[in-house]
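Atoms considered below: every heavy atom in the structure, side chains included; atoms not considered: hydrogens, waters and symmetry mates. Numbering of ligands and ligand atoms starts at 1, following listing order.
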Amino acid sequence: GFGGLLREPYILGLACFASIGGFLFGYDLGVIAGVITMPSFARDFPSLASDPTLQGWMVSTLALSAAVGSLANGPLADHLSRRWSLLLGAIVSTVGAVVQTAAVNMAMIFAGRAIAGLSIGMLSMVIPLYLSELAPAHLRGSLVTMQQVGATAGIMASFWIDYAAMNIRGSGDGQSSLAWRVPLALRCGASLVLGLGAFWLPYSPRWLMLTDREHGAAASLSRVRRMSVYDWRIQREVAEIRASLKLDGDRLAARFPGVTSKPRLFVAQYAELVRERQFRGRLFIACFLQVLQQLTGINAVIFYAPSIFKATGLSGNSISLLATGVVGVVNFLATIPTMLFLDRWGRRPVLIAGASGMSVSHLVMGTLYAVYQHSWAEHAAAGWAMATFVWIYVACFAFSAGCVGWVIPSEIFPPAVRSKAVSLAIATSWFFSFVIALVTPVMLDSLRYGAFYFFSAFCIVLLVWVYFFVPETQGVRMEEMDRLFRGSREQPQCTHLTVGTGTA
Ligand code: BGC
């Protein structure tokens, strides 16, 4: 809880800092919604403003290139280190922001979005990985959740910044181009701060061990845990990581005898993720969680809330305020309790409670839509009920799947394959986010209220699947995940030293 976080101010500070990466991705997702409605943007890019298909592609290009960025960053985070791949993500992010801000034609807007997308794919993959590798087991959930707190803060801030920028040097047809350039430019500031701060970040101790730097790993752990490097707890953690890596190495050597070439071992590790039963199961959990996170319909609601609110009879300024403004605030506020208490509540109860709330909200929204679709104007109360359930739905997503979706993939894999597996899981999330962004307008148009029932069904699948198949990882040390997932591997010897005898 809160007390536990306050007792670890250094790592809490690191997590807050790293959550700037989450902020950037939330900001990128949100900022464009306001920008495309600005008259100055329509004047500068008339073909883009008048073509909904092009607009759809502009919005979804970000998610597609984020999937690519995330995939590419799996090996990069192993090769360069988590820390320097975070710096690389920040540099790419700054370039993306500069290209979008300076855009004078549509190609530059698309290129800027694609570059920014690459960076948020990289950052959204490496930040949970980095934080989970630094965090003590009892705070891991809270600290990794900081990424989602950052993302929701970014979505919220982007709306209010767009809103404030609307009147820069005139409004309506006289609006200056600065109205859309300033919100896009502000993103540079956050990327630069993240990039500069990377020079002060510690290396991940688990990455240092992966690259045979045991002294460095002990020093990094001692810095992060604020204990002497000779403290038995530090020595024990180093021993556990060493044992886990040794088991990984032995297994790889047994499976691929005589293979020493790095590129071949690299391919072998990806192959192992799919071929080895215990990894396949975990990879399925990590990826399917992302698929279901997206199929709960969050981005359909976030991206298309204005259309939903408009359909219910709300009009003018109040649509954007209620739909984007209040949705953003609710989304942000609902992540805070999970950030504080996830390690006390556990991942499973949070997911099950959230999935139940989301499925009921979708059912109510679908039913309201079905009953009042032709008579919203005469039933103002039904319109408000609809709005209320949109907010309840968003809150349920935000405290559950929104947070836990980042936590589980980053904590369940052994060291040698962790980065690659996390990158596959996060790429899956971005890919499905891309698909949802493309198909939602069609679904809302053809299925109407059926779209809500469709998403509700997937919330129920999430609930049932988590209940029967997803084990609780709360408080389990990363080196002990094999036992939890009933792996075939022997437990690391050093786990027997965890009783605190001081003999590690
Ligand atoms: C999801 C995003 C979503 C955001 C909303 C994240 O956990 O991955 O797709 O837009 O939550 O807050």
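Among the atoms of Ser433, none of the N or O lies under 3.5 angstrom from an N or O of ligand 1. Considering backbone and side-chain atoms alike, Thr152 places every N or O at 3.5 Å or more from each N or O of ligand 1.
Contact annotation: Gly402 has at least one heavy atom less than 4.0 Å from an atom of ligand 1.
Between Gln290, Met156, Gln148, it is Gln148 that holds the heavy atom closest to atom 11 (O) of ligand 1. Ranked by closest heavy atom to atom 2 (C) of ligand 1, the top entry among Thr335, Asn299, Thr296 is Asn299.
A cation-pi arrangement, defined by a distance under 6.0 Å to the six-membered ring centre and an angle within 45 degrees of its axis, is absent between Arg418 and Phe413.
The protein atom (non-hydrogen) at minimum distance from atom 8 (O) of ligand 1 is Gln293 OE1, 3.1 Å. Ranking the protein heavy atoms by distance from atom 12 (O) of ligand 1 puts Asn331 ND2, 3.0 Å first.
Each of the atoms 10 (O) of ligand 1 lies under 4.0 Å from some heavy atom of Leu29. Close approach of ligand 1 to Ile302 is summarised as follows: ligand atoms under 4.0 Å from at least one heavy atom of the residue are 5 (C). In the vicinity of Ile155, heavy-atom distances shorter than 4.0 Å reach the ligand 1 atoms 5 (C), 12 (O). Interface atoms of ligand 1 facing Phe397, defined by a heavy-atom separation under 4.0 Å, are 11 (O).
Although no hydrogens or angles enter the test, the distance criterion places a donor-acceptor pair under 3.5 Å between the side chain of Arg181 and the main chain of Ala103. The closest donor-acceptor contact from the side chain of His362 to the backbone of Thr296 lies under 3.5 Å.
The two residues Asn73 and Val126 have their closest heavy-atom pair at ND2-CB, 3.6 Å.
Side-chain atoms of Gln290 and Thr428 include no donor-acceptor pair closer than 3.5 Å. For the residue pair Gln147 and Trp406, no side-chain donor N or O sits within less than 3.5 Å of a side-chain acceptor on the partner.
Below 30°, between 30° and 60°, or above 60°: for Trp391 and Trp384 the angle between ring planes is between 30° and 60°, a tilted geometry.
Contact check on Arg206 versus Glu479 returns a salt bridge, with a Lys/Arg side-chain nitrogen under 4.0 Å from an Asp/Glu carboxylate oxygen.
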